[in-house]
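Not measured: the values here are computed from a predicted model. Per chain, numbering begins at 1; letters A, B, ... match sequence-line order.
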There are 2 protein chains.
Amino acid sequence: MSNHFTPDHFTPNHFTPHAAGDLNYLKSLNRSTILSTVRRYPGLSRADIALRTGLTKATVGSVVNVLGERGWLREGELHARGGGRPGRSLYLDGEQHVMLGAEVGVKGLRVVACNLLGERLASQRLDVSPTTPEETAAVLARLIEALLGDPALAARPCLGLGVALPGPVAPQAPILRLAPNLGWVDVDFLALLRAELDAPAGVWLLDNEANAAAFGEFYFIEGTPPESIAYLSAGSGIGCGVVSGEHFPVIPRGHQGLVGEIGHTVLVADGAPCHCGNHGCAETLVSGWMLRESLGVAADASLSASLLARLDEPEVSAALARAGRALGLLMLNLHHTLNPSMLILGGSLMRLGAPLVAPALAYFDAHQNDLLRQSQRVPVKVVEDSTFTAARGAAAQVMARAAIEI
Amino acid sequence: MSNHFTPDHFTPNHFTPHAAGDLNYLKSLNRSTILSTVRRYPGLSRADIALRTGLTKATVGSVVNVLGERGWLREGELHARGGGRPGRSLYLDGEQHVMLGAEVGVKGLRVVACNLLGERLASQRLDVSPTTPEETAAVLARLIEALLGDPALAARPCLGLGVALPGPVAPQAPILRLAPNLGWVDVDFLALLRAELDAPAGVWLLDNEANAAAFGEFYFIEGTPPESIAYLSAGSGIGCGVVSGEHFPVIPRGHQGLVGEIGHTVLVADGAPCHCGNHGCAETLVSGWMLRESLGVAADASLSASLLARLDEPEVSAALARAGRALGLLMLNLHHTLNPSMLILGGSLMRLGAPLVAPALAYFDAHQNDLLRQSQRVPVKVVEDSTFTAARGAAAQVMARAAIEI
DNA sequence: AAGAGTTAGTAAATAGCGTTAACTAATTCT
DNA sequence: AGAATTAGTTAACGCTATTTACTAACTCTT
């Protein structure tokens, strides 16, 4: 029978049947659904899960017990609802498996190890700008080895490794297409990494930084899960990842992996030249590289620290306000094209804080049109420190994939 | 067991498991997969289908035979490939079932009846501008009754009725949210229609015009099926529908049904006022209503006929060229946000022909950036006459839904 | 304090799915 | 005419979730 879990790297959990299914598919579908129900609603009992998923108590019971034996679920306290026999609450087990996640950013490398709850167990960072893909893979490999040096961590079963890169990834194969801010083109980064590293068994995945971050924020979100989110990543460049799907979150990627490349939507016809070869892109109005160039911040200096120290210069504060309004406009356009039910702002530019973010939110609020006003204001969440967000998101993708391959 | 086929009106064929599945689900999944394989590749044999879907010959054979008995499939000629026993080719049966589709447009009403091949068996049109929702429903009901007056048509089993409207539809319920160009707000059009019409049994669906058109163009496309398409509908307003998914085409709608509302992306910060209550939207640069207003075409006159007759006026040809370039820019932005693998241009503005379309295509070609140049140019198809495109698309959605409910 | 009532969870029997393996059918090639 | 090859069907089989009946564990009532 055809395999629903072929390692299309880009569909770590894309459960939409792209093929027919057999009984194994059904089994895996239901096991994953149960697992995701516990992830989204920690503390449910077997009976609660049966009610929510539509499966019978018998099915849920047997699946839950298997997942318990394999270290994915643990039982917790008894419910106290009154009535009859109390249900036993179920949780993802944070003490067994781990996933590794890594990010290659324009300004540094990040590596994390997470448990099934998305909690960071350990992390490593190196604030150097990547050079060639080969050298970067070697450095990242050493960083991962350092992380796995912790014997407590190395003793846990590892589900795999996810890597996030600052550029679109081909939808058909785990290959970086183009990273304008690194100067990389068509890089098979996982192969380079594999040459340097044996370490984690399991799935190896590659994704765009914004997609990875979006996935992680959606997958491990606390409270009532939203239908979908968009993670707007504002750093050296501007990108955006979208995730939706309750049990099997999907990242739309499009034909060339360009879904959410809103930094290169043209806002000024024949405007200022952009790194991408076009003119008047959103990145020419708001982005790390544009602020750096226009305000003269050295490549090796911290953009946020430099600019926050110069806030009294009218030129600087005006530039940040202008960039903030452009960001607000991008947020509006995002809602008329990808229309998420929640917007998360992240990326290194968020460290600039209110001088950038306040004008963005104000513009966004002030320019809602009739279409948007028809329904409740879409919530916006700001992640001030997203140092490990993309790396953790890559780890989340590993978990999602592993969960359907159990 | 929970029902995977709950009439979420907006997921006529959204087969992504949003719930666990039982054996019925599996059965329906495979039956639909086989059906869609025949739709996409007419003339395959049972053995071909088995190879393509991964199902066994035994399963395919039994399912195909049932679908034949129920009037969905018919057998055709024998293959002539040499080798062993020739396979018998299979086709969707165009002689049995019909689906009805309707469109309420700013300039008129359209109704069609299609067979399973998407062929138009009959149609009706009425070139009047809709007034109130109630009156429009009554007029449309009479039009549908007129269509069903044909006894040959009325004798066929009908799968249902799909209706397309010029505005975003709520993702949770079949309700029109807002049609700026009709002045309608929160209209339950299917209920109004039901009050006037008993006629077709089966599924009743409601969708946005661009989504419906996109669905139909994708569902009934000839030749090698693309992974995804975007249908850019340029009429009184500018909208866009996206469809992807080989066996179970999905229309992303987003939280408020605003996916693809690119006509209201802001391209000029604080630009000209738009019907939507904002300023500087794409529709202020290219749209039927904007051309009408700026070039002084009466509301009851045909926009394309009027302007084509005035092409020698420099003001008119310059305005069309300007609008065309804006359309080209929108096409570019579309590729950096929704990134379809094929772009189809439709809508009433296409009747303007080369004076509008040529500048659009030229701009699109000339401004491809490095990201787009990384891969093959995305094909663009122009539908000159899209009178019945949306109505047929609505009918296609009915078929897709019916196919999983067999 | 004991029993009724209620809900959680388990166990065994059952119906239905796709697969497997063996078959028949229909063509071409030698 | 027979071997080889491919298409399609049939019956037995293993596995799935369900159904039905049961046991377990609590609260509430009397």
Side-chain angles (χ1 to χ4, degrees), chain A residues 1-4 17 19-34 37-38 43-69 73-90 404 406, chain B residues 1-4 17 19-34 37-38 43-69 73-90 404 406:
Chain A
M1 179 68 228
S2 83
N3 187 356
H4 275 264
D22 60 5
L23 291 169
N24 289 327
Y25 164 77
L26 196 59
K27 182 89 181 179
S28 177
L29 169 70
N30 290 341
R31 187 169 47 213
S32 279
T33 300
I34 289 170
T37 303
V38 177
L44 294 185
S45 69
R46 290 164 176 78
D48 295 332
I49 295 172
L51 214 63
R52 245 176 211 286
T53 59
L55 296 165
T56 60
K57 288 193 297 173
T59 307
V60 172
S62 75
V63 170
V64 160
N65 291 338
V66 170
L67 287 172
E69 288 165 19
L73 294 183
R74 68 175 179 83
E75 295 189 325
E77 79 289 350
L78 292 176
H79 287 174
R81 292 188 192 147
R85 169 176 170 177
R88 191 164 284 281
S89 55
L90 296 166
I404 64 174
I406 298 172
Chain B
M1 177 71 230
S2 84
N3 187 355
H4 274 264
D22 59 5
L23 291 169
N24 290 326
Y25 164 77
L26 196 59
K27 182 92 179 176
S28 178
L29 170 70
N30 290 341
R31 187 169 46 214
S32 278
T33 301
I34 288 170
T37 304
V38 176
L44 294 186
S45 68
R46 291 164 174 80
D48 295 332
I49 295 171
L51 214 64
R52 244 176 211 288
T53 59
L55 296 165
T56 60
K57 288 192 298 172
T59 306
V60 172
S62 75
V63 171
V64 161
N65 291 338
V66 170
L67 288 173
E69 288 164 19
L73 293 182
R74 67 174 180 83
E75 295 189 325
E77 78 291 351
L78 292 177
H79 287 172
R81 292 187 190 148
R85 170 176 169 176
R88 190 165 285 281
S89 55
L90 297 166
I404 64 175
I406 298 172

**Student:** For the atom pair CD1 (B:Ile34) and CG (B:Leu29), what is the distance rounded to the nearest 0.5 Å?
**Tutor:** 9.5 Å
**Student:** Counting only distance, no hydrogens or angles, is the base of D:dA25 paired donor-acceptor with the side chain of A:Arg85 under 3.5 Å?
**Tutor:**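 Result: no qualifying N/O pair found.
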**Student:** Using atom OH of B:Tyr25 as one end and atom P of D:dT18 as the other, report the distance to the nearest whole Å.
**Tutor:** 14 Å
**Student:** Quickly work out the B:Ile34 CD1 to C:dC17 P distance and round it to whole Å.
**Tutor:** 13 Å
**Student:** Can you measure B:Glu77 atom CD to D:dA7 atom P for me and round it to whole angstrom units?
**Tutor:** 15 Å
**Student:** Could you tell me how far apart A:Leu55 (CG) and C:dG9 (C1') are, to the nearest whole angstrom?
**Tutor:**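 Those two atoms, CG and C1', are 15 Å apart.
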**Student:** Between A:Leu26 and B:His79, who's closer to the 5' end of DNA chain D by nearest nucleotide?
**Tutor:** B:His79
**Student:** Atom NZ of B:Lys57 to atom P of D:dT6: distance rounded to whole Å?
**Tutor:** 11 Å
**Student:** Atom CG of A:Leu23 to atom P of D:dT16: distance rounded to whole Å?
**Tutor:**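 The distance from CG of A:Leu23 to P of D:dT16 comes to 7 Å, rounded to the nearest Å.
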**Student:** Just by modelled atom types, is the A:Thr37 backbone N or O under 3.5 Å from a matching donor or acceptor in the A:Arg52 side chain?
**Tutor:** no
**Student:** D:dA17 phosphate, OP1 or OP2: any side-chain N/O from A:Lys27 under 4.0 angstrom?
**Tutor:** yes
**Student:** Return the CG to CG distance between A:Leu26 and B:Asp22, rounded to the nearest 0.5 Å.
**Tutor:**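 Reported value, rounded in 0.5 Å steps: 7.0 Å.
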**Student:** Has A:Arg88 got a side-chain atom pairing as donor or acceptor with A:Gly76's backbone, closer than 3.5 angstrom?
**Tutor:**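 Pair found, side chain donor or acceptor close to backbone of A:Gly76.
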**Student:** Counting just side-chain N and O atoms, does B:Ser45 come under 4.0 Å of either OP1 or OP2 of D:dG8?
**Tutor:**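 Checking D:dG8 against B:Ser45, a side-chain N or O does come within under 4.0 Å of OP1 or OP2.
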**Student:** Nearest whole angstrom, please: distance from the P of C:dT24 to the CZ of B:Arg88.
**Tutor:**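 Computing the B:Arg88:CZ to C:dT24:P distance gives 21 Å.
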**Student:** Are OP1 or OP2 of C:dG18 and a side-chain N or O of B:Asn30 less than 4.0 angstrom apart?
**Tutor:**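 Result: yes.
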**Student:** Taking 4.0 Å as the cut-off, does a side-chain nitrogen or oxygen of A:Thr56 come that near to OP1 or OP2 on D:dT18?
**Tutor:**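 Checking A:Thr56 against D:dT18: at least one side-chain N or O falls below 4.0 Å of OP1 or OP2.
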**Student:** Measure the distance from CZ on A:Arg46 to C1' on D:dA25 and round it to the nearest whole Å.
**Tutor:** 14 Å
**Student:** Which is true for A:Ala47 with a 4.0 Å heavy-atom rule: it touches a base, it touches only sugar-phosphate, or it touches nothing?
**Tutor:**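 Counting heavy atoms under 4.0 Å across all strands, the contact made by A:Ala47 is with sugar-phosphate only.
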**Student:** For a quick check of understanding: with a heavy-atom distance under 4.0 Å over all strands, which category does A:Gly83 fall into, base, sugar-phosphate or nothing?
**Tutor:**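 Here A:Gly83 touches the bases of the nucleic acid.
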**Student:** Think A:Asn65 has a side-chain N or O under 4.0 angstrom from the OP1 or OP2 of C:dT10?
**Tutor:** yes
**Student:** Answer with base, sugar-phosphate or nothing: what part of the nucleic acid does B:Thr59 contact at a heavy-atom distance below 4.0 Å?
**Tutor:**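 Contact class for B:Thr59: base.
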**Student:** Students often get this wrong, so: under 4.0 angstrom with heavy atoms, is B:Gly61 touching a base, only sugar-phosphate, or nothing?
**Tutor:** sugar-phosphate
**Student:** Less than 4.0 angstrom between a side-chain N/O of B:Arg81 and OP1 or OP2 of C:dT28, yes or no?
**Tutor:**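 For C:dT28, OP1/OP2 do not have a side-chain N/O of B:Arg81 under 4.0 Å.
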**Student:** With a 4.5 Å limit on heavy-atom distance, are the side chains of A:His79 and A:Asp48 in contact?
**Tutor:** yes
